[in-house]
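Residue indices begin at 1 and follow the sequence shown. Everything quoted here is computed from the prediction, not taken from an experiment.
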Amino acid sequence: MNKNKNEINKFVLASIETIEEVDFLLMTQLTAWFVLSGYLEIMRNGSDILIRTGDIFVLNKGDIVRVIGSEENVTLTVKFLTSEYQEEFPPFKLNMPLSMVYKKDGYELVKNGMAYLYVEMIYPGVGSDYIIEGYSKHLIGLFHRHLGWVDEKEQVHAASDKVKEIVSYINVNYAEKLSLDEIAEKFYSSKYYLAHSFKKQLGISIGNYIKEVRLFHSLRMLESTNDKIVMIALANGFPNVRSFNEAFKIRYKLTPAEFREERQIRAVQNHADGELSQDVLALLSPYVSLGELPANSSNVPDRIEVQLDLQKTIGQYSKVSHVLKVKGELKDSRLIEVRERFGVKWVAVNRIIKKVEIQLNEGQLVCSFRELDRMLQQIVSAGMFPYLQFQSIDFDDWEERGFHNKEWFGKVIRQLNLHLQQNYMTNSEWMYEFRCFYESQSSGELCQPLVNAISTFKGYKNVVIHFPKAPEDAVSLDTDCHNTVYCIDDWTRMRKISLEAALHHLFDEAFIRVIGENMNMKSQNRILDRMLFYENDDYLHAYSDLAQANAIIWQYMSLMNRSQIAGHYFPPLSLDSAKLFEYFPDELASKMSLCTPDGRYKDNWYATEFASRLFDELVFKNNSCIVTKRQENYRILTVYPEEEVHLIVNQNNEQSKLAWHKAKSPYVFVKLDLTNLEGTYRLTKQRLTPEQVDQRSDLADLRKCKKLSFEDITYWNAINRPSRSVEHLNIKGNYTLEFEVPIFGIVMIDLEKTNV
């Protein structure tokens, strides 16, 4: 179970989580499940039950359940705790979920009670302990009133008490060396009778159940820790890595290493697709009116307090590999600036056929590559590498020019390949990407001439083939393999695959269906809708650019928290409203760009620069703060927490709007206690905040101008940038760094040692 937020007190435990497939889970506490999205299928004591979105189900202590959850379901779980001195709860009687049609009166009351309890726990205030205790007792009372309890004579269990004891024993001691002989001796039973009884009652052998429990806990460690796979195997009772790998692959169809990467990638994709699993009000709002939620769930300032030993690191931070996309004319100075400030190595070259001069001379194709050469040479002169994108739109351009011979299209590609070999020695850092699907059309068709052109570049080191999602047999970039090309998916994750397999997968119906149903375009439209929300709000529209800059940092943070895969991503950067992909809406491309077409820096520029400048050694990370180091120098990047922003903007009442209008800065307080820090340091703090936006009144008139002079643009870029403060510190051992990050705020801090 993936827990998003978790709070425990002496009465009750509540969390919003994703419940995945679990075999034979023994319920150790009275538990209520409220499915907020998706569904759960459970088998409880021999009965199959479907819990749909919005349903609530109650499980008694001692129930043995098997659970199958829909992918990425979201469930509010409430567990009622008892101590050894407290009377156990009776087994409540519920054979089908509470819902709008079954026990409706009780459903409404239980639903509200669970929602209020959870919000009170994650946003505690004065008296919260008493309120939480009241909610938990209120829910127990509702169970008594609306469910009743099972009479002992009527109670039929699928498993005997002894089998339950054995299940409980295995669940606790799964990491130890367990055997049928040992368990039989401990529970005073014949091992043959015990094996037969266990299998008959639960439908699984003791040996397989032990393996399932070990795999379950191993999977949790793969998701929640960065421990080495060999350590995970040994910590969960497997004798060696080989047996762990074999059992895991049989059970989950992936090796542990592949599973860990897939889960991390899925989390990134969900984040990019706008699934806000921690946005509590958004999750609960379909079931409970926002106005009915407890008063103290409003905009409560959060805190980040942590003590850091700066001599210790927790891993390496690997940076994403950006590809720069430019809509207008390439400028040498701007390319060099992007390379130096962002560390970008590649520049996209697209609409290639438009850049090739093609003539027919006595029935023969004659190609001139002068315009393309000018662009390639400019990129190389700037110390960067071309990222050539061959797309289906290139074939459209070919036909628009009056050429309809598909074989001739292939001849042009072959002539281009020969030209590159003769004039550029096919530099090993150049990239050659093929996007063969008609992505901007409502069809699942492939551009066959472009597919045929891929073989022209066979043997090149960096051939990349696009798929909407990675084929199953693609492997991590870290995997050693030969005769492979790269494949890149819609989330810009790069993997390896054999050329033969890649060409075969291009015709897979699953990929063609994703393109045909415009799933990639729909996700981009959802992103645009979220951005337009800020612009259309009376109070937030002035900070829409800053909100977009925050979103960029959140995305970086999501990748940074998965440092082992961050370097596997090749996301494009739009310099001047260039479309990141052909199917991008023009409006979205404009909003996500680093600069305006006339050269004015946007907040996105600084957000990208901040994230790109972080050092390689990682000292600390969470969802809104990251600390990195290089020798005795440190860089700290902090952004207002994403979930807190969504809590604020989802408040739909005049009081919260008035508070925002007056304060404009609900904040998170950050306190970093830095230890093992000795010497003279220069502390440089840069900030992007709503207060700065308010102070840029001089730019209001410039925003209205359709065309700005060079002097106007220079003035804009001088004013529209982060505030900067510098102070010198003499530190002897410890230093406490305290600051506030307002909503939409971004803070970048450099600690540079000066007495080296």
Side-chain angles (χ1 to χ4, degrees), residues 321-325 344-353 355-356 365 367 369 372-373 375-395 398 406-437 446-467 470-471 473-489 492-507 567-572 581:
S321 302
H322 283 298
V323 178
L324 184 69
K325 302 205 74 172
V344 175
K345 295 170 58 177
W346 289 279
V347 180
V349 180
N350 50 30
R351 304 303 288 265
I352 293 173
I353 294 299
K355 296 177 175 66
V356 179
L365 285 173
C367 299
F369 302 102
L372 181 62
D373 280 337
M375 187 174 186
L376 295 178
Q377 290 165 7
Q378 190 176 8
I379 293 170
V380 172
S381 297
M384 303 171 82
F385 304 108
Y387 188 104
L388 284 86
Q389 289 188 304
F390 298 93
Q391 305 174 84
S392 57
I393 199 169
D394 284 312
F395 187 70
W398 165 263
K406 296 180 180 179
E407 293 183 2
W408 283 4
F409 177 80
K411 288 182 179 180
V412 173
I413 300 297
R414 287 193 291 274
Q415 286 193 36
L416 170 60
N417 177 34
L418 182 61
H419 178 79
L420 294 175
Q421 287 182 350
Q422 292 175 341
N423 293 274
Y424 300 96
M425 305 296 291
T426 58
N427 189 294
S428 61
E429 295 289 341
W430 290 29
M431 307 283 280
Y432 308 87
E433 182 186 78
F434 291 84
R435 303 185 72 90
C436 302
F437 295 99
L446 276 173
C447 180
Q448 186 64 52
L450 196 57
V451 175
N452 296 338
I454 296 175
S455 59
T456 303
F457 291 83
K458 184 178 181 180
Y460 277 46
K461 181 180 178 181
N462 295 327
V463 173
V464 182
I465 301 175
H466 163 257
F467 293 89
D473 47 352
V475 298
S476 168
L477 296 186
D478 299 330
T479 305
D480 292 328
C481 48
H482 301 285
N483 301 320
T484 58
V485 295
Y486 297 111
C487 61
I488 191 169
D489 61 25
T492 74
R493 176 191 54 158
M494 200 83 80
R495 303 196 79 185
K496 290 180 179 178
I497 191 171
S498 72
L499 176 58
E500 182 181 355
L503 294 176
H504 173 75
H505 283 304
L506 282 173
F507 297 90
H568 295 186
Y569 284 79
F570 284 69
F581 303 106

Colleague: Is there side-chain contact between V485 and V464, with heavy atoms separated by less than 4.5 Å?
Modeller: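 Of all side-chain heavy-atom pairs linking V464 with V485, none is under 4.5 Å.
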Colleague: List the residues meeting ring pair (Phe, Tyr, Trp, His ring centres under 6.0 Å) with H419, not counting sequence neighbours, and say none if there are none.
Modeller: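 F369.
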Colleague: Just to verify, what does S455 make a side chain to side chain contact (heavy atoms under 4.5 Å, CB included) with, not counting sequence neighbours?
Modeller: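 In terms of side chain to side chain contact (heavy atoms under 4.5 Å, CB included), with neighbours along the sequence ignored, S455 is linked to no residue.
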Colleague: Which residues satisfy the side-chain hydrogen bond (donor to acceptor under 3.5 Å, both in side chains) test with Q378, sequence neighbours excluded?
Modeller: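 For Q378 the side-chain hydrogen bond (donor to acceptor under 3.5 Å, both in side chains) partners, ignoring immediate neighbours, are D332.
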Colleague: For residues K406 and Q448, determine if any side-chain heavy atom of one lies less than 4.5 Å from a side-chain heavy atom of the other.
Modeller: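 No. Closest side-chain heavy atoms not under 4.5 Å.
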Colleague: List the residues meeting side chain to side chain contact (heavy atoms under 4.5 Å, CB included) with S476, not counting sequence neighbours, and say none if there are none.
Modeller: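 If we apply the side chain to side chain contact (heavy atoms under 4.5 Å, CB included) test to S476, skipping adjacent residues, the hits are E261, D478, T479, R495, H568.
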Colleague: When you compare the side chain of F570 with that of I488, does any pair of heavy atoms fall below 4.5 Å?
Modeller: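 Result yes, sub-4.5 Å side-chain heavy-atom pair found.
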Colleague: Hey, mind stepping through F390 and L416 against side-chain contact (heavy atoms from CB on, under 4.5 Å) and telling me if it holds?
Modeller: CA-CA 12 Å; F390 298 93; L416 170 60; 3.7 Å; yes
Colleague: Please identify each residue that fulfils ring pair (Phe, Tyr, Trp, His ring centres under 6.0 Å) with H322, with sequence neighbours left out.
Modeller: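 For H322 the ring pair (Phe, Tyr, Trp, His ring centres under 6.0 Å) partners, ignoring immediate neighbours, are Y556.
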Colleague: Which pairs pass side-chain hydrogen bond (donor to acceptor under 3.5 Å, both in side chains) with one or both residues in residues 344-353, sequence neighbours excluded?
Modeller: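 Checked against side-chain hydrogen bond (donor to acceptor under 3.5 Å, both in side chains) - neighbours excluded - the pairs reaching residues 344-353 are R351-D397.
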Colleague: Is there a side-chain contact between T484 and I497 (heavy atoms, below 4.5 Å)?
Modeller: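 No - every pair of side-chain heavy atoms lies 4.5 Å or more apart.
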Colleague: When the side chains of residues 381-389 are checked against the rest of the protein, which donor-acceptor pairs come out under 3.5 Å, sequence neighbours left out?
Modeller:
residue, atom, partner, partner atom, Å
S381, OG, Q377, O, 2.7
Y387, OH, E433, OE2, 2.8
Q389, OE1, K325, NZ, 3.2
Q389, NE2, E433, OE1, 2.7

Colleague: Please enumerate all residues that pass side chain to side chain contact (heavy atoms under 4.5 Å, CB included) together with K411, with sequence neighbours excluded.
Modeller: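 Listed in chain order: L365, W408, R414.
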Colleague: Relative to the ring of Y460, is the ring of F457 parallel (under 30°), tilted (30 to 60°) or perpendicular (over 60°)?
Modeller: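 Geometry flag for Y460 against F457: perpendicular rings.
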Colleague: Can you tell me if D373 and Y424 form a side-chain donor-acceptor pair at under 3.5 Å?
Modeller: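 The criterion, which ignores hydrogens and geometry beyond distance, is satisfied for Y424 and D373.
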Colleague: Ignoring hydrogens and geometry beyond distance, is a side-chain donor-acceptor pair present between D489 and H466 at under 3.5 Å?
Modeller: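 Distance-only check fails for D489 and H466.
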Colleague: Can you measure from CG (L499) to SG (C487) and round to the nearest 0.5 angstrom?
Modeller: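 Taking CG in L499 and SG in C487, the distance rounds to 11.5 Å.
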